[in-house]
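Read the structure below first, then the notes.
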Amino acid sequence: MDKRVDLTVATGFLAFGIWLLVASFRIPQGSVPDSIGSGGVARVLAVVIILAAGYLVARRVVGWRRTPGATVPAEGSTDNPDHPASTRRGLGIFGLLVAYAFGVRYLGYPIATPIFVGVALYVMGVASWLRLVALSVLYTVASYVLFVGFFGVLLPLGVLSTWDYYLWFHF
């Protein structure tokens, strides 16, 4: 990988973390005060991003000095020849995530989630249809029970909102 690109990406994440930290102090206090404050979660996330990105920047600068040339040695494991890494696959998953974010509003969590999980698993190489369906349904049911049943979070039902009483979606 080109050292300049690698360092630029790490520096970009560092800049994002700093921006997030500064912006978190501008979040107004809500009507119900709490111990962490309205920007507390954003501040914690910003500090984690700053620490991780700072580590990456330092690692890249040290690596730059150790190895001559414009490239750094490859890290991680080699690709699986049957299922190599792909930029298109990564961007496809990101596009699928954006479509899911819009679709969950209209289709509802119980319909959009198993579709998203199933397609994402298929794109990542899960070939067994039985496994795709089982994991998609199991994840949807388990996460729905966890968030609605235990945490009391009302997830969007979309087209199923008129049927929620009959389908027992609320515990």
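Starting from 1, each residue takes its place in the sequence as its number. These numbers come from a predicted model, not from an experiment.
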Linking I/L/V/M/F/W/Y whenever any side-chain heavy atoms sit under 4.5 Å apart, do [X] and [Y] land together?
X      : Y      : value
Val141 : Val148 : yes
Ile115 : Leu97  : yes
Phe25  : Leu45  : no
Leu157 : Val159 : yes
Ile50  : Ile27  : no

Grab the two heavy atoms, one from [X] and one from [Y], that are nearest each other, plus how far apart they are.
X      : Y      : answer
Ala101 : Val104 : O-CG1, 3.5 Å
Met124 : Arg89  : CA-CD, 4.4 Å
Ala120 : Leu96  : N-CD2, 3.7 Å

Check: Hey, does Pro156 have a side-chain heavy atom less than 4.5 Å from the side chain of Arg105?
Finding: no
Next item on the list: To the nearest 0.5 angstrom, please state how far the CD1 atom of Ile49 sits from the CG atom of Leu56.
Entry: 12.0 Å
State which residues pass side-chain contact (heavy atoms from CB on, under 4.5 Å) with [X]; sequence neighbours excluded, sorted by chain then number.
X      : result
Val133 : Val137
Leu132 : Leu121, Tyr122, Val126, Trp129
Val48  : none
Phe147 : Ser143, Phe151, Val153, Leu155

Notebook entry, point to check: Apart from Leu91 itself, which Ile, Leu, Val, Met, Phe, Trp or Tyr residues share its cluster (side-chain heavy atoms under 4.5 Å, direct or through members)?
Noted result: none
Notebook entry, point to check: Tell me the ring pair (Phe, Tyr, Trp, His ring centres under 6.0 Å) pairs involving residues 85-113, sequence neighbours left out?
Noted result: Tyr100-Phe116
Atom pairs and distances, side-chain donor-acceptor, residues 8-23, under 3.5 Å, sequence neighbours left out:
residue, atom, partner, partner atom, Å
Thr8, OG1, Arg4, O, 2.6
Thr11, OG1, Leu7, O, 2.7

